[in-house]
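Here the structure comes first, spelled out in structure tokens, and everything after it is commentary.
Sequence lines set the chain letters: A, B, ... in the order given, protein chains first and strands last, and positions in each chain run from 1.
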Number of protein chains: 2
Amino acid sequence: MIKAEATSTPSKLLDAALVEFAAHGFEAASTRAIAARAGVHQPQINYHFSSKAALWRAAVDHLFAQLAADIAPVVADAGDDRARFASAVRAFVHFAAAHPELNRIMVHEATVDSDRLRWLVDTHVRAAFGFVTNMWRTLRADDAVPAIDDTVVYYLLVGGASLLYVNAAEARLLRPDVDPTDPSLIDAHADALVALLLGPAVARSTAPTTTDRPIPSPRS
Amino acid sequence: MIKAEATSTPSKLLDAALVEFAAHGFEAASTRAIAARAGVHQPQINYHFSSKAALWRAAVDHLFAQLAADIAPVVADAGDDRARFASAVRAFVHFAAAHPELNRIMVHEATVDSDRLRWLVDTHVRAAFGFVTNMWRTLRADDAVPAIDDTVVYYLLVGGASLLYVNAAEARLLRPDVDPTDPSLIDAHADALVALLLGPAVARSTAPTTTDRPIPSPRS
DNA sequence: GTCTATAATTAGATAGAC
DNA sequence: GTCTATCTAATTATAGAC
């Protein structure tokens with residue numbers, strides 16, 4: 001199941017709203033365009049949701065719930081902290097590729113302070129930030145990872161994981177022969193990010209000690 | 001000189017336009033807000049520039065010219081390819097921190113195909129992309145860097161270098177005690193990115209063999 | 001070159017028939 | 001619950017006095 005086909009009007013509106021808000025940002029996205037994409041008339045938005053802002057919050061809630069559903073089981077799995085962190089990074093890269101709307105909405109909103117940004121941070125982002133930074137400080141205490149500040153790591157990780165998919169339209173213009181939705185590219189991307197942050201030992205979750213497609217350490 | 005105080009109306013409009021376009025995106029940024037920020041009246045925009053779109057292009061041209069002026073001398077310096085690449089990465093991190101407008105405008109535009117995106121890519125981005133990917137392939141041919149695809153590296157690099165500053169408003173909400181404009185944080189960020197991509201040997205341009213603030217290799 | 005006034009368009013939200 | 005019609009406000013751009 002890649003994506004269930006929405007049936008009810010509210011559900012169709014949520015899906016359409018995500019695409020439009022992600023593409024254009026809150027202000028520039030029009031309720032008429034959202035309604036047209038959903039195949040309904042514009043006043044339906046105010047009927048099923050009380051306002052454009054309420055639709056935006058509902059759409060963002062829906063998306064973060066999907067992220068939590070994807071990440072939670074991976075993190076709950078057994079294994080040491082390094083392996084769990086590596087699995088979480090890989091799952092996040094795959095989510096960023098499958099749902100570029102999430103990080104598109106984040107960068108549209110996070111460039112300037114606003115009520116929407118405060119709501120985003122308090123409702124959804126702070127918990128994710130805490131998970132990453134707490135985990136990283138734990139790993140650093142064991143000398144299991146490079147000595148990089150946890151806030152810096154958070155933005156290295158999120159930025160490095162998401163920009164290829166956030167800017168997929170740009171990537172297609174730069175490299176028409178590369179498809180940002182190609183699963184093997186996404187796997188290679190996730191492997192690279194894990195190898196850079198945690199070292200090659202945990203680079204492949206499915207084959208922890210594999211020697212195929214080795215990622216050599218940078219020479220020192 | 002951090003930033004010259006603009007005097008002429010066109011110059012004040014360019015500076016104001018960068019801030020507004022970066023904060024809100026092209027569509028959501030209003031010419032009235034740009035004019036108000038510049039301290040002039042709104043019709044001055046159409047007098048000095050022919051349209052909102054022409055003002056946007058002029059502002060973007062101005063910003064990419066500053067980027068080129070910052071990066072070119074660093075790249076022209078002597079040194080082997082690894083050292084030149086490391087210096088370019090460091091200079092880019094510092095530029096992203098000093099001019100967050102550049103990457104904010106990029107993410108606002110690159111989320112969806114448009115005439116503005118095509119103009120951006122053809123006029124400014126393709127050359128930068130070519131520099132990074134050509135350099136990376138050269139380094140890979142010498143086994144001097146990890147075996148990561150060059151397109152993936154470009155987005156890892158740009159995303160990892162810029163998101164902390166693009167999303168500075170979010171970062172301040174998450175960590176009120178951390179200032180994304182703090183020079184020591186920016187240095188640490190640049191060092192970390194260089195160390196991850198090129199190894200700790202070239203982590204500090206000013207002290208290539210220093211042992212203070214070591215960045216240990218991830219254990220394998 | 002700068003100002004006031006305004007034209008033409010489009011936005012989110014609402015009223016009321018069905 | 002869905003439709004048409006429309007209200008109010010905001011947008012970019014222009015006209016014309018100075």
Side-chain angles (χ1 to χ4, degrees), chain A residues 5-62 101 104-105 108-109 111-112 114-117 119-120, chain B residues 5-62 105 108-109 111-112 114-117 119-120:
Chain A
E5 197 63 28
T7 53
S8 68
T9 294
S11 182
K12 285 189 288 188
L13 281 171
L14 284 178
D15 287 351
L18 274 184
V19 175
E20 292 292 324
F21 285 135
H24 305 291
F26 178 82
E27 305 283 355
S30 86
T31 56
R32 280 175 172 78
I34 294 168
R37 178 178 292 274
V40 305
H41 288 89
Q42 185 252 350
Q44 300 284 76
I45 288 175
N46 293 82
Y47 177 79
H48 291 284
F49 304 87
S50 61
S51 68
K52 182 183 181 183
L55 172 62
W56 179 88
R57 285 192 297 270
V60 171
D61 277 341
H62 182 240
E101 296 84 12
R104 283 177 191 162
I105 287 173
H108 277 304
E109 296 300 330
T111 53
V112 65
S114 71
D115 287 345
R116 282 193 307 280
L117 177 59
W119 178 88
L120 260 178
Chain B
E5 198 63 27
T7 52
S8 69
T9 294
S11 181
K12 285 189 290 188
L13 280 171
L14 284 178
D15 288 350
L18 275 184
V19 175
E20 293 291 323
F21 284 135
H24 305 291
F26 177 82
E27 306 282 356
S30 86
T31 56
R32 279 176 171 79
I34 294 168
R37 179 178 291 275
V40 305
H41 287 88
Q42 183 252 352
Q44 299 285 77
I45 287 175
N46 292 82
Y47 178 78
H48 290 285
F49 304 87
S50 61
S51 67
K52 182 185 181 181
L55 171 62
W56 180 86
R57 286 192 296 271
V60 171
D61 278 341
H62 182 241
I105 288 172
H108 276 305
E109 296 300 330
T111 53
V112 64
S114 71
D115 288 344
R116 282 194 306 280
L117 177 58
W119 178 89
L120 260 178

Quiz prompt | Among C/dT4, C/dG12, D/dA13, the one nearest B/Lys52 by side-chain distance | solution = D/dA13
Quiz item: Between C/dA13, C/dG1, D/dA13, which one does the side chain of B/His48 approach most closely?
Solution: C/dG1
Exercise. Select one nucleotide: of D/dT6, D/dT2, D/dT11, the one nearest the side-chain heavy atoms of A/Arg32.
Key: D/dT6
Quiz item: OP1, OP2 of C/dG1 versus side-chain N and O of B/His41: anything below 4.0 Å?
Solution: no
Practice problem: In whole angstrom, give the distance that lies between atom CG of B/Leu13 and atom C1' of C/dG1. | Solution: 13 Å
Quiz item: Starting at CD1 of B/Ile34 and ending at C1' of D/dT11, how long is that distance when rounded to a whole Å?
Solution: 12 Å
Self-check item: Spacing between B/Ile45 atom CD1 and D/dA13 atom P, to the nearest angstrom
Solution: 9 Å
Exercise. State which of D/dT4, C/dG12, C/dT2 makes the closest approach to the side chain of B/Tyr47.
Key: C/dT2
Quiz item: If you look at every heavy atom in A/Phe49 and A/Ala58, which pair is closest and at what distance?
Solution: CE2-CB, 3.8 Å
Exercise. Let me know the distance between CD of B/Glu27 and P of D/dA10, rounded to the nearest Å.
Key: 19 Å
Self-check item: Shortest side-chain distance from A/Gln42, nucleotide among D/dT2, D/dT4, C/dA13
Solution: C/dA13
Quiz item: Going by the angle between their ring planes, with limits at 30° and 60°, are A/Trp56 and A/Phe21 parallel, tilted or perpendicular?
Solution: perpendicular
Quiz item: Whole Å only: how far is the CG atom of B/Asn46 from the P atom of C/dA8?
Solution: 16 Å
Self-check item: Reference residue A/Arg116; test side chain to side chain contact (heavy atoms under 4.5 Å, CB included); the match among A/Glu27, A/His108, A/Arg57
Solution: A/Glu27
Exercise. Counting heavy atoms from C-beta on, name the nucleotide in C/dA11, D/dA13, D/dT2 closest to the side chain of A/Gln44.
Key: D/dT2
Quiz item: Quick one: on DNA chain D, does B/Phe26 or A/Thr9 contact a more 5' nucleotide (nearest heavy atom)?
Solution: A/Thr9
Quiz item: Side-chain N or O of B/Ser30 less than 4.0 angstrom from OP1 or OP2 on D/dA10?
Solution: no
Self-check item: Donor-acceptor contact below 3.5 Å, side chain B/Lys52 vs main chain B/Phe26
Solution: yes
Quiz item: B/Ala29 near the nucleic acid: base, sugar-phosphate alone, or nothing, with a heavy-atom cut-off under 4.0 Å?
Solution: sugar-phosphate
Quiz item: Over how many whole Å does the gap from B/Lys12 atom NZ to C/dG1 atom P extend?
Solution: 13 Å
Quiz prompt | Heavy-atom pair of closest approach, residues B/Asp15 and B/His62 | solution = OD1-CE1, 4.2 Å
